Amino acid sequence: MHSAKVPLQNPPIKWAEGHKGVFNIEVQAVSSVHTQDNHLEKFFTLCHSLESQVTFPIRVLDQKISEMALEHELKLSIICLNSSRLEPLVLFLHLVLDKLFQLSVQPMVIAGQTANFSQFAFESVVAIANSLHNSKDLSKDQHGRNCLLASYVHYVFRLPELQRDMPKSGAPTALPDPRYHTYGRTSAAAVSSKLLQARVMSSSNPDLAGTHSAADEEVKNVMSSKMADRNCSRMSYYCSGNSDVPSSTTAPRPASKKHFHEELALQMVVSTGMVRETVFKYAWFFFELLVKSMAQHVHNMDKRDSFRRTRFSDRFMDDITTIVNVVTSEIAALLVKPQKENEQAEKMNISLAFFLYDLLSLMDRGFVFNLIRHYCNQLSTKLNNLPTLISMRLEFLRILCSHEHYLNLNLFFMNADTAPTSPCPSISSQVINELFN
């Protein structure tokens with residue numbers, strides 16, 4: 001604390017011990033609006049400059065940032081998010097994750113150039129998840145999951161709302177989601193309505209209680225007679241007239257057609273090094289994000305009555321296959337190491353089982369059973385220890401067998417004529433029966 005100069009007194013005053021201070025004052029600012037962390041403050045300020053009409057250069061703390069330097073500074077701020085202090089990061093965790101997910105699917109036009117932050121945003125989410133799990137001050141559930149992340153996925157997360165046109169920095173834009181306009185909390189009524197809209201529950205976290213929606217008629221009638229033919233058209237991934245896979249010379253994909261679940265699966269597939277290790281170490285979190293984003297996508301696109309095989313793109317299904325194969329290989333690798341990491345392998349095995357459990361309610365069931373068969377074959381090939389192999393497979397299948405229609409889908413029929421027809425045709429059940437041969 002700096003001592004102020006004492007003004008001249010008349011008559012003069014004699015001070016004891018040469019103006020020695022009697023006490024010290026410490027002021028601690030407390031706010032639910034301001035982050036009180038330089039890394040978070042810079043990140044939020046730069047995000048705000050992309051979402052609103054601002055005049056460049058903008059001032060961030062003691063730094064002036066021009067429009068030409070905006071992309072570079074935003075990437076740096078995304079990378080530095082993990083360096084934020086734990087307390088403010090926890091307080092603003094929902095906003096940080098929301099904005100990172102928004103940046104991962106919303107290309108931005110900065111100074112006339114399209115900037116893509118997908119990889120930086122994904123790696124920052126991975127680093128934050130790792131920090132929260134490693135913190136001794138934050139609670140975990142009985143499965144070793146960070147409670148903050150579990151609560152975020154279950155209660156807060158919803159698909160990022162994309163603007164129709166890519167926003168240009170410094171130019172008027174269409175109004176985005178209102179919760180991105182402020183660092184504070186929205187009103188209770190707004191939060192309540194948003195939670196109701198985002199209430200697509202996942203079965204992957206058995207410890208979080210929630211009100212289950214009415215039974216899906218499609219699943220309810222799996223073993224009943226065939227429903228009437230329904231006219232359903234597959235949603236085009238790109239704008240009408242564009243090819244499935246854009247060439248490098250075409251314009252970037254329209255932001256409104258970039259789906260979060262596809263981008264998340266892609267980033268999980270292409271990740272490398274420590275990022276990949278962390279992703280699969282805390283696979284439960286990313287599996288939960290995938291499942292909930294897939295469920296909300298089906299709901300938002302009104303695909304609940306569509307054929308299962310048309311709900312998701314072929315490229316996304318290829319990415320899911322790759323993810324399952326990589327996780328299975330990682331489980332086997334952990335079990336054959338000289339110092340076996342059985343606990344970590346068991347957690348990954350359970351997370352993968354719950355992930356496929358959820359996929360049985362969302363995707364083509366024949367496709368999911370193929371993934372289960374590949375899992376069993378892959379473990380059998382890589383594990384020589386029979387007790388460990390049996391234990392892992394039994395735990396895996398125990399979770400899957402708890403799905404309400406798992407056993408019914410595996411009943412043996414002498415011919416196809418005697419088998420009840422599913423209202424949503426999947427790949428031939430003959431493939432499924434091979435799992436138990």
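What you see below is based on every heavy atom in this structure, not just the backbone, and it leaves out hydrogens, waters and symmetry mates. Throughout, residue positions are numbered sequentially from 1 according to the sequence presented. Given the structure is predicted, the values throughout are model-derived calculations rather than measurements.
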Walk me through it: do Asn116 and Ser118 pass the test side-chain hydrogen bond (donor to acceptor under 3.5 Å, both in side chains)? CA-CA 6 Å; Asn116 195 319; Ser118 297; 2.7 Å; yes

Those residues that, when tested against Lys347, pass side chain to side chain donor-acceptor pair (under 3.5 Å) (two or more places apart):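 Side chain to side chain donor-acceptor pair (under 3.5 Å) check on Lys347 returns nothing, list empty.
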
With Thr321 as partner, the option from Val324, Ile323, Asn325, Asp319 fulfilling side-chain contact (heavy atoms from CB on, under 4.5 Å) is Asn325

For Phe43, run the side-chain contact (heavy atoms from CB on, under 4.5 Å) check against Leu95, Asp37, Ile78 and tell me which one passes.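 By the side-chain contact (heavy atoms from CB on, under 4.5 Å) criterion, Phe43 pairs with just one of Leu95, Asp37, Ile78: Ile78.
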
Are [X] and [Y] close enough that a side-chain donor and a side-chain acceptor fall under 3.5 Å?
X: Ser131; Y: Asn82; answer: yes
X: Glu41; Y: Thr35; answer: yes
X: Asp98; Y: Tyr152; answer: yes
X: Asn370; Y: Tyr375; answer: no
X: Arg393; Y: Ser380; answer: yes

How many angstroms lie between atom CZ of Arg315 and atom CG of Leu266, to the nearest 0.5 angstrom? 7.0 Å

Check: Thr310 side chain, Phe307 main-chain N or O, donor-acceptor pair, under 3.5 Å: yes

Is the backbone N or O of Gly366 less than 3.5 Å from a side-chain atom of Arg308, with the two atoms forming a donor-acceptor pair by type? no

Test Ser361 against His403 for side-chain hydrogen bond (donor to acceptor under 3.5 Å, both in side chains), laying out the working first. CA-CA 9 Å; Ser361 299; His403 191 280; 3.1 Å; yes

